Amino acid sequence: MSQDNIQSTLHENRHFPPSAEFVRTASLSSEQLNELYAQAEQDNPGFWATQARKEIDWQTPFTTTLDSSNAPFYRWFPDGKLNVSYNCLDRQLEHNADKTAIIFEGEPGDIEHISYQELHARVCRFSNALKAQGITQGDRVIIYMPMIAEAVVAMQACARIGAIHSVVFGGFSASSLKDRIEDTQAKLVITADGGHRGGKIIELKATTDTALNQGCDSVKTVIVFKRTGHDINMQPERDIWWSDAEKGHNSDCEPVWVDATHPLFLLYTSGSTGKPKGIQHSSGGYLLNAITTMRWVFDIQDSDVFWCTADVGWITGHTYVAYGPLATGATIVIYEGVPTVPNGGRFWDICTRLGVTIFYTAPTAIRALMKMGDDIPNSYDLSKLRLLGTVGEPINPEAWMWYYNVIGQRRCPIVDTWWQTETGAHMIAPVPAVTTTKPGSCTRALPGIDAAVVNQEGEEITHADEGGYLVIRQPWPSMIQTVWGDNQRYKDTYWPYFDGKYYLAGDSARRDEDGFFWIMGRIDDVLNVSGHRLGTMEIESALVAHPRVAEAAVVGQPHDVKGEAVFAYVVLRGDRPTGGIDDELTQELRAWVGEQIGAIAKPDDIRYADNLPKTRSGKIMRRLLRTIAKGEEITQDTSTLENESILPQLQGKA
Ligand code: WTA
């Protein structure tokens, strides 16, 4: 969202209190919420200890709640033991065994209902298969799958045996996959022959082969799920079909009880510098906030059909597909494909047919569907929906209003949830039966979450006309544990200021007169493209790795559907193309970035210049480049530019 938008939304006077009907049926009342805030205020760790005893089945109860002796490496419930998969599946078996856990819908239209009993059996059988391949506690397993039920089975199976999974989004390239495999030193990769997306097949196995051919010596086994049935290569000795791996294994597998601090998973995310970092999450603390937010923010109830549209390749797909909903015994929907196949009504069609009651998606999807007009959603029966959610980027008030009026039919509260890969679960979000929402604000921090906006000195800013750093001032259970293999980077990235006492989120924010948070965007060189984080440095390194590129600078450009689009300025080795136009090369560079990182990182636009604008000390003038990308008038001082003639080149005017 631009500064101007923020200014106008801060004076947002549209307020949406929850409907009486929602308040009547919700599980958390205003009094109960106030009680939670009061308890957390009084004794923060004590508050979480109570929640942890209530929400988690511990094999060995914890006696220490929080060990801060080696801050910022906080350890929650350090002497407790549990198993996350046990908490998701086994505890449903006694009373809820026949309840549907997963309704899976493939993009081609195939549908499968999987009960808790059946999911438990599948997870156990696959756990046994993993053990038979030599996977034990602490081993890393890469999951590179389509968005199908087996992706969740694979994650749960790793959790069951104490293996640490790292899911790689199916849209990432061979090169990104290889980087993640090498950083984790994974022994095993779980993939599929392919998946259905956008009416096409995504070649997951072929891409895995390419990655493994470039190194990845740690990988001994590749398990391949047959999804599409198209031809692929299987390398004897190394590759095994999922069904063969499972053969002869039974559907019981004793969970491995791990310490609460045992890593449940690693998930790679982009930062301002270097390669993506492996965010390491715990088992106990992570699970706790996955559960509490399912209750507080999603008001999850036994009769709900919960659909979070995120892919398991992102944190949202971890917390609100694979773990949180199952740990609360919910029925979830998993959909393999894109919202526009066979047409723009697919999401609403699924909501209608499968009786979705809670729907959670990203602003970029809302904007894309909004553009297609109201007639499409209006032709479906969305009356079962009772709660809507958004995540991933600030939602513009226009999209919020459309979501509220057209999809929620003014009946459903909207929960705009602010959180990050690193926070593990929602941090700032409405409690739907209590909070009066305002379009564009993620409202208040949840109980036990000490979020604040501070200035450079760490002093809290509470008045609306000043923005500052968004920080979290006390540890919380689902917090990042470290960056995999790089404790120093963890400290440097998240605890650089304020004497290392506050977690730095990397976002800037403001509070309005009600204390509501308004997120303004990243303070680092991270773009948010369709709700996905991309480091500008990462894309720049990909570009300069191309033999024809000498220098590159990447900035974000406002985009009405994606939020931000990737905009690249490139200096070539040799001559600049005449008039700055070379469509063929532009296509080649786009494809190149797609290969280096993945399709989401492809620049929308590339401008060629003789040099990049730099300060006297040699720093690229990014602010100037952003101004140009936005098509705004240049107000910066350009007199220090060595070569002023590049300005029209950068502007695409010469
Ligand atoms: C942004 C996704 C405004 C923010 C769960 C954050 C948001 C980054 C919101 C994390 C929101 C996420 N309002 N901005 N409701 N939710 N963001 O790690 O910049 O993929 O730092 O986690 O997305 O992205 P990540």
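Note that ligands are numbered from 1 as they come in the structure, with each ligand's atoms numbered from 1 the same way. Just so we're clear, the structure is a prediction, and the values are computed from it rather than from any experiment.
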Out of His426, Gln420, Glu393, the nearest non-hydrogen contact to atom 7 (C) of ligand 1 is supplied by Glu393
For atom 23 (O) of ligand 1, the closest protein heavy atom turns out to be Gly392 O, 3.2 Å
The closest protein heavy-atom partner of atom 5 (C) of ligand 1 is Trp419 CE2, 3.4 Å
Contact between ligand 1 and Trp418 is defined here as a heavy atom of the residue under 4.0 Å from a ligand atom; is it met? yes
Check: Does the side chain of Val431 reach to within under 4.5 Å of the side chain of Asp299, using non-hydrogen atoms?
Finding: no
Quick one: does NZ or CZ of Arg180 land under 6.0 Å from the six-membered ring centre of Phe172, within 45 degrees of the ring axis? yes
Is it the case that Arg510 places NZ or CZ above or below the six-membered ring of Phe517, under 6.0 angstrom from the centre and within 45 degrees of the axis?
no
Parallel, tilted or perpendicular: rings of Tyr320 and Phe298 (30°, 60°): perpendicular
Among Thr421, Ile519, Leu527, closest by heavy atom to atom 22 (O) of ligand 1 is Thr421
min-distance protein heavy atom vs atom 3 (C) of ligand 1 -> Pro394 N, 3.1 Å
CD of Glu393 to CZ of Arg533, rounded to nearest 0.5 Å, is 13.5 Å
Applying salt bridge (charged side-chain N to carboxylate O under 4.0 Å, His left out) to Lys491 and not counting sequence neighbours gives none
Near Thr316 (heavy-atom distance under 4.0 Å), the atoms of ligand 1 are 5 (C)
Looking only at heavy atoms of Cys442, does any of them come nearer than 4.0 Å to an atom of ligand 1?
no
Among non-hydrogen protein atoms, atom 4 (C) of ligand 1 lies closest to Asp507 OD2, 2.9 Å
Contact region, Ile315 to ligand 1, non-hydrogen atoms below 4.0 Å, reads side chain
Is it the case that ligand 1 has an N or O less than 3.5 angstrom from some N or O of Thr269?
no
Ring-ring centroid check Trp314 Phe169, cutoff 6.0 Å:
yes
- prompt: Is the His281 ring parallel, tilted or perpendicular to the Tyr286 ring (thresholds 30°, 60°)?
  reply: tilted
Atom 24 (O) of ligand 1 has as its nearest protein heavy atom Arg533 CD, 3.1 Å
Checklist line | Contact check: Arg522 vs ligand 1, nitrogen or oxygen atoms, below 3.5 angstrom | finding: yes
